[in-house]
Number of protein chains: 2
Amino acid sequence: MTAIGFEKHDHSRCITTALSEAETRCAEQKLHLTPVRRRVLEILLQRHRAMGAYEILDLLAADGLGSQPPVAYRALDFLVQHGFAHRIERINAYTACAHPAQDHVPAFLICRGCKAVAEAETELEQGRLGAAAMATGFAIERIVVEAEGLCPACQENPE
Amino acid sequence: MTAIGFEKHDHSRCITTALSEAETRCAEQKLHLTPVRRRVLEILLQRHRAMGAYEILDLLAADGLGSQPPVAYRALDFLVQHGFAHRIERINAYTACAHPAQDHVPAFLICRGCKAVAEAETELEQGRLGAAAMATGFAIERIVVEAEGLCPACQENPE
DNA sequence: AAGCGAGATGTTATAACATATCAACCCAAA
DNA sequence: TTTGGGTTGATATGTTATAACATCTCGCTT
């Protein structure tokens, strides 16, 4: 089970690029990409799928970078807060952002087999949801769009 | 904090109606709307907001209808499975379905203040999410659309 | 009527996910 | 050099969810 956004690509390069872009952006915005935070982002980029906080924590611990839940959650909060990662509500997991830099409402395709995640973007806010919000005076602050199903690999190869 | 889908209505009547419709449908489809399941649905209809499983469990226990987590979770699973209720992923909670009967992809407006929930429907599946799924061969099984924010009442009246 | 099986529930234990709290540390600005 | 914000370390606890197994109920069959 590999599925990387469901397609092949030069992954080690994409990790390096993403990491150095993150560093650049943190420098610009005076954010601290500390060792723990950097390592968590690297882990997410390497695996390139949704990972639970405790799964990440185990890997951190193996590196001697903290072994208690708050360490992982704080790093994840930072990454999510600043758009380097997203939280996948449906499965209580986290994944690296595929389009950092620009502000967006992400939409996910989540494979329930291998936890691979593809990130699209939505034009939402129009549509009935936005209309319903308008009509009732509801102030939308955040939108979650997540589709769960099976990626091509897992359709062929159910475990 | 009352906000019932954010608007006023004759609530005791809407509970009765929804319950008897559920009974009718269960009879038709040979589903067992047992005391626990019926009571959970009634609780969700009464409160008319998203409720956690343990909150529901407390009310069940007060009625002598079971006091351990699986009792609540099983009843909720039944209700969700058969379209009488929805799970709100964003806040790990459950709410009665506002449009039972018809099959639909629900979209929610969730007030982070009072947990009131309004249910709209989406035309989704088209849009970029469906397109992305198509393009990659991903088979969508379920879609979650949830907007979090503040309802009109909580905007005026932040606690 | 006795026995069987399916579905529902009861019960215990534990897994999995998340946060509160406070102390220690680092480093840069006053 | 003191002060204060931000980060990390550490302990404890809170919250949500499920595994596993026992029991009950009721309709069906023999």
Side-chain angles (χ1 to χ4, degrees), chain A residues 22-23 26-27 29-41 43-44 50-82 84-95 110 112 115 144 146 148, chain B residues 22-23 26-27 29-41 43-44 50-82 84-95 110 112 115 144 146 148:
Chain A
E23 269 168 5
C26 283
Q29 304 182 12
K30 299 208 197 299
L31 301 174
H32 298 323
L33 190 62
T34 62
V36 175
R37 294 168 178 178
R38 192 193 142 95
R39 181 68 184 120
V40 170
L41 179 54
I43 288 169
L44 288 176
M51 300 181 71
Y54 279 70
E55 193 182 353
I56 292 166
L57 182 57
D58 286 345
L59 296 173
L60 278 184
D63 293 354
L65 278 175
S67 59
Q68 299 307 317
V71 175
Y73 281 103
R74 287 191 287 229
L76 287 167
D77 284 350
F78 171 88
L79 294 174
V80 168
Q81 191 105 32
H82 297 97
F84 299 111
H86 297 291
R87 176 180 159 82
I88 311 287
E89 301 294 340
R90 176 68 182 115
I91 55 176
N92 302 322
Y94 302 82
T95 192
I110 308 156
R112 69 171 159 76
K115 307 295 182 223
V144 173
E146 298 175 357
E148 189 178 35
Chain B
E23 270 168 5
C26 282
Q29 303 182 13
K30 299 209 196 299
L31 301 173
H32 298 325
L33 191 61
T34 62
V36 175
R37 293 169 180 178
R38 191 194 142 93
R39 181 67 183 120
V40 171
L41 179 54
I43 287 169
L44 288 175
M51 300 180 71
Y54 280 72
E55 192 182 354
I56 292 167
L57 182 58
D58 286 346
L59 297 173
L60 278 183
D63 293 354
L65 277 174
S67 58
Q68 300 308 317
V71 174
Y73 280 101
R74 288 191 286 230
L76 288 166
D77 283 349
F78 171 88
L79 294 174
V80 168
Q81 191 106 31
H82 296 98
F84 299 112
H86 297 291
R87 177 179 158 82
I88 312 288
E89 301 293 341
R90 176 67 183 118
I91 55 177
N92 301 322
Y94 301 83
T95 191
I110 308 155
R112 69 171 160 77
K115 306 297 181 220
V144 174
E146 298 174 358
E148 191 179 34

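Here is the naming used below: chain letters follow the sequence lines, and residue numbers restart at 1 for every chain.
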To the nearest 0.5 angstrom, please state how far the [atom1] atom of [X] sits from the [atom2] atom of [Y].
X       : Y        : atom1 : atom2 : answer
A/Asn92 : A/Arg87  : CG    : CZ    : 5.0 Å
B/Ile91 : B/Glu146 : CD1   : CD    : 7.5 Å
A/Leu79 : A/Leu31  : CG    : CG    : 10.5 Å

Handout entry: Separation of D/dT8 P from A/Asp77 CG (nearest whole Å)
Key =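 From A/Asp77 CG to D/dT8 P: 12 Å.
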
Fill in the blank from the handout: Whole-Å distance, B/Asn92 CG to D/dG14 P, equals 18 Å

Problem - Residues touching DNA chain C, which here means a heavy atom under 4.0 Å, drawn from residues 57-68 of chain A - result: none

Exercise for the section: Take A/Val144 and B/Glu89 through the side-chain contact (heavy atoms from CB on, under 4.5 Å) test and state the conclusion after the steps. Expected result: CA-CA 9 Å; A/Val144 173; B/Glu89 301 293 341; over 6 Å; no

Problem - Listed once per pair and sorted, the salt bridge (Lys or Arg N to Asp or Glu O under 4.0 Å) pairs that draw on residues 60-72 of chain A, sequence neighbours left out - result: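 Sorted result for residues 60-72 of chain A: A/Arg39-A/Asp63.
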
Minimum heavy-atom separation for [X] and [Y], please, with both atom names.
X       : Y       : value
A/Ala75 : A/Val40 : CB-CG2, 3.8 Å
B/Leu44 : B/Ala85 : CD1-CB, 4.1 Å
B/Gly52 : B/Ala93 : N-CB, 4.2 Å

Practice task
Would you kindly compare A/Arg87 and B/Leu31 by the position of their nearest DNA chain C nucleotide and give the one closer to the 5′ end?
Solution key: B/Leu31

Practice task
Report the residue (B/Val71 or A/Gly52) whose heavy-atom-nearest nucleotide on DNA chain C is the more 5′ of the two.
Solution key: B/Val71

Exercise for the section: Remember a base hit wins even if backbone is also touched, and classify B/Tyr94 as base, sugar-phosphate or nothing at under 4.0 Å, heavy atoms. Expected result: sugar-phosphate

Practice task
Have a look at B/Arg37 and say if it touches a base, only the backbone sugar-phosphate, or nothing, with a 4.0 Å heavy-atom cut-off.
Solution key: sugar-phosphate

Handout entry: Outermost DNA chain C nucleotides near chain B [under 4.0 Å, heavy atoms]
Key =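 Result: C/dG7 to C/dT12.
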
Please tabulate the protein-to-nucleotide N/O contacts below 3.5 Å involving nucleotides 22-28 of chain D, giving atom names and distances.
none

Exercise for the section: Look at the rings of A/Phe78 and A/Phe84 and say which category their plane angle falls in: under 30° parallel, 30 to 60° tilted, over 60° perpendicular. Expected result: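 The rings of A/Phe78 and A/Phe84 lie parallel, inter-plane angle below 30°.
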
Exercise for the section: Apply side-chain contact (heavy atoms from CB on, under 4.5 Å) to A/Gln81 and list each qualifying residue two or more places apart in sequence or on a separate chain. Expected result: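 For A/Gln81 there are no side-chain contact (heavy atoms from CB on, under 4.5 Å) partners, ignoring immediate neighbours.
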
Problem - Partner set under salt bridge (Lys or Arg N to Asp or Glu O under 4.0 Å) for B/Glu148, not counting sequence neighbours - result: B/Arg90

Exercise for the section: Using heavy atoms to find the nearest nucleotide of DNA chain D for B/Ile91 and B/Pro70 separately, return the residue whose nucleotide is more 5′. Expected result: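 This one resolves to B/Ile91.
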
